[in-house]
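Position 1 is the first residue of the sequence, and the numbers go up from there. We count ligands from 1, going down the list as the structure has it; atoms in each ligand are counted the same way.
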Amino acid sequence: MLFQNALIENSATPTAFRVENGKFAAIGPDLTPNPGEEVVDLQGKLVLPPFIESHVHLDTCLTAGDPVWNMSGTLFEGIECWSKRKEKLSKDDIKERVNRAVRLYAAHGIQHIRTHVDVTDPSLVAMETMVELREELRDLVDIQIVAFPQEGILSYPNGKQLMLDAVKLGADAVGAIPHFEFTREYSVESLNFALELAAKENKLVDVHCDEIDDEASRGLETVAARALELELFDKVTASHTTAMHSYNNAYVVRLMRLLKMSRINFVSNPLVNTHLQGRMDTYPKRRGVTRVKELTAEGINVSFGHDDIFDPWYPMGTGSMRDVVFMGLHVCQMMGYEEIMDSYKFISTNAAKTLHLGEEYGIKTGRPASFIVLDADNWYNALNRNAAVLRSYKKGKLVAQSTPGQSEVLL
Ligand code: FE2
């Protein structure tokens, strides 16, 4: 099949590409149809590699208001609401909600999702269910599962064993939550445990790291040091790192050297952390989003995640990663022309590095023909006008399409 008149990744000139056996067989402006070949005219629309959700909690999604709404909007009331909802948690409940959430994502051009799954639960029901869903949904999205100890590894009964069991059940990545552990010593020990487990079992790492406004929360330096020493490097991701927003600059300058040496990835969640952080502040109130602009300027890989979709911690979300980028650029003050044009990378190329997708991802000859077509000519306009994802192809197969709504001004 030959696709013509595509503007690939903000290119100013249209090009064509051929898809054969689910792969990009050729890309170039001079391609012409073979006899009898099907031709699709993309009419000068923007073509991007598929969007990627690099940080979400699918096991809690689509539960806002069930059974009670979070009236204050705080993290702590969110935990109270969730503990009431958790009583109803079952395999069928998780499957029904994850199926709906994944379809919301798919309609917005997302083809890869990294989900954190709470394993501080002796039954490990969410973990077991997500492993099944990873298989059941693989034609629509590729799901990566992080064993996420919501209530701590050292601070939760049998926490270490639950992590080992979750890895045995089929987790792709090992998580941790150092800022939630009872003590600083537990925090360091939990990180040593998580990264050594990942090294031993050849897993990725994604730590909920310093998601707090406390500038003394410094799990990040341990994550980076261990990533370097264990030679895990870019297999390791630090998510959230909101305390970094509050670190003093003298410390950040020193820390930046280690971060670069460690080659770890960062995931920022601008929607949720703008909503949840700074809640103990009077005025001025901190934004509580990590230093995306500075990390990016240092050449460190940063991607963006939605984190929560319509659940007790975040009462909004339709599965559109465009909203995440839109908020991220505002709160990180990254609204220069090139910053806006490049910002799709936070939910595509950069996120692919975070997920370690390697040669499986990207619009290049020989790679899987996975791509999306947006109703715009470049990413600036797509972002600004909230353009629809018209079509989403996964390995050469059309998996989602949409028709943009139309409005008319009558006077
Ligand atoms: Fe999270």
Side-chain angles (χ1 to χ4, degrees), residues 52-64 70 73-76 78-79 81-82 85-86 97-98 101 105 110 112-121 126-127 130 143-153 156 163 166 171-181 190-191 194 204-213 217 219-220 223 236-245 264-277 279 288-290 292 302-317 319 321 323-324 327-328 346-347 351 354-355:
I52 297 172
E53 165 61 284
S54 55
H55 186 120
V56 70
H57 299 254
L58 286 177
D59 52 340
T60 63
C61 66
L62 307 180
T63 58
N70 181 343
T74 59
L75 176 87
F76 300 104
I79 293 169
C81 295
W82 179 244
R85 181 59 178 77
K86 221 170 164 174
R97 284 185 291 105
V98 172
Y105 274 126
I110 286 101
H112 299 267
I113 297 174
R114 174 177 281 184
T115 183
H116 298 255
V117 179
D118 185 5
V119 297
T120 48
D121 164 18
M127 185 70 207
M130 202 58 70
I143 295 177
Q144 230 175 50
I145 302 171
V146 184
F148 167 54
Q150 172 86 66
E151 295 183 52
I153 296 176
Y156 187 78
M163 291 294 289
D172 302 290
V174 179
I177 187 162
H179 56 280
F180 194 80
E181 300 285 355
S190 72
L191 290 171
L204 300 170
V205 175
D206 195 330
V207 176
H208 273 66
C209 195
D210 308 317
E211 190 186 7
I212 190 165
D213 295 318
S217 182
L220 178 56
V223 170
V236 176
T237 296
S239 280
H240 294 289
T241 61
T242 60
M244 197 183 193
H245 187 101
I264 64 170
N265 307 292
F266 283 75
V267 177
S268 175
N269 300 292
L271 288 172
V272 170
N273 286 131
T274 306
H275 164 58
L276 291 179
Q277 305 310 127
R279 291 289 183 142
V289 173
T290 197
V292 176
V302 184
S303 60
F304 282 169
H306 206 302
D307 200 10
D308 295 279
I309 292 195
F310 195 73
D311 72 8
W313 295 276
Y314 186 71
M316 301 265 165
M321 295 306 292
D323 294 349
V324 180
M327 175 63 91
F346 287 123
I347 54 168
T354 302
L355 268 64

Worksheet item: In chain order, what residues pass the side-chain hydrogen bond (donor to acceptor under 3.5 Å, both in side chains) check against Asp311, with sequence neighbours excluded?
Response: Thr60
Discussion item. Going by side-chain hydrogen bond (donor to acceptor under 3.5 Å, both in side chains), name the residues that satisfy it together with Thr63, two or more places apart in sequence or in a different chain.
Written reply: none
Worksheet entry | Heteroatom N/O/S of His116 within less than 2.8 Å of the Fe ion (ligand 1) | no
Fill in: Pairing of Asp121 and Lys86 as salt bridge, 4.0 angstrom limit
no
Worksheet, complete the sentence: The atom name of the N, O or S atom in Asp307 nearest to the Fe ion (ligand 1) is OD1
Fill in: the Fe ion (ligand 1) - name of the N/O/S atom of His55 that sits closest to it
NE2
Worksheet item: Are Tyr105 and His306 close enough that their ring centres sit under 6.0 Å apart?
Response: no
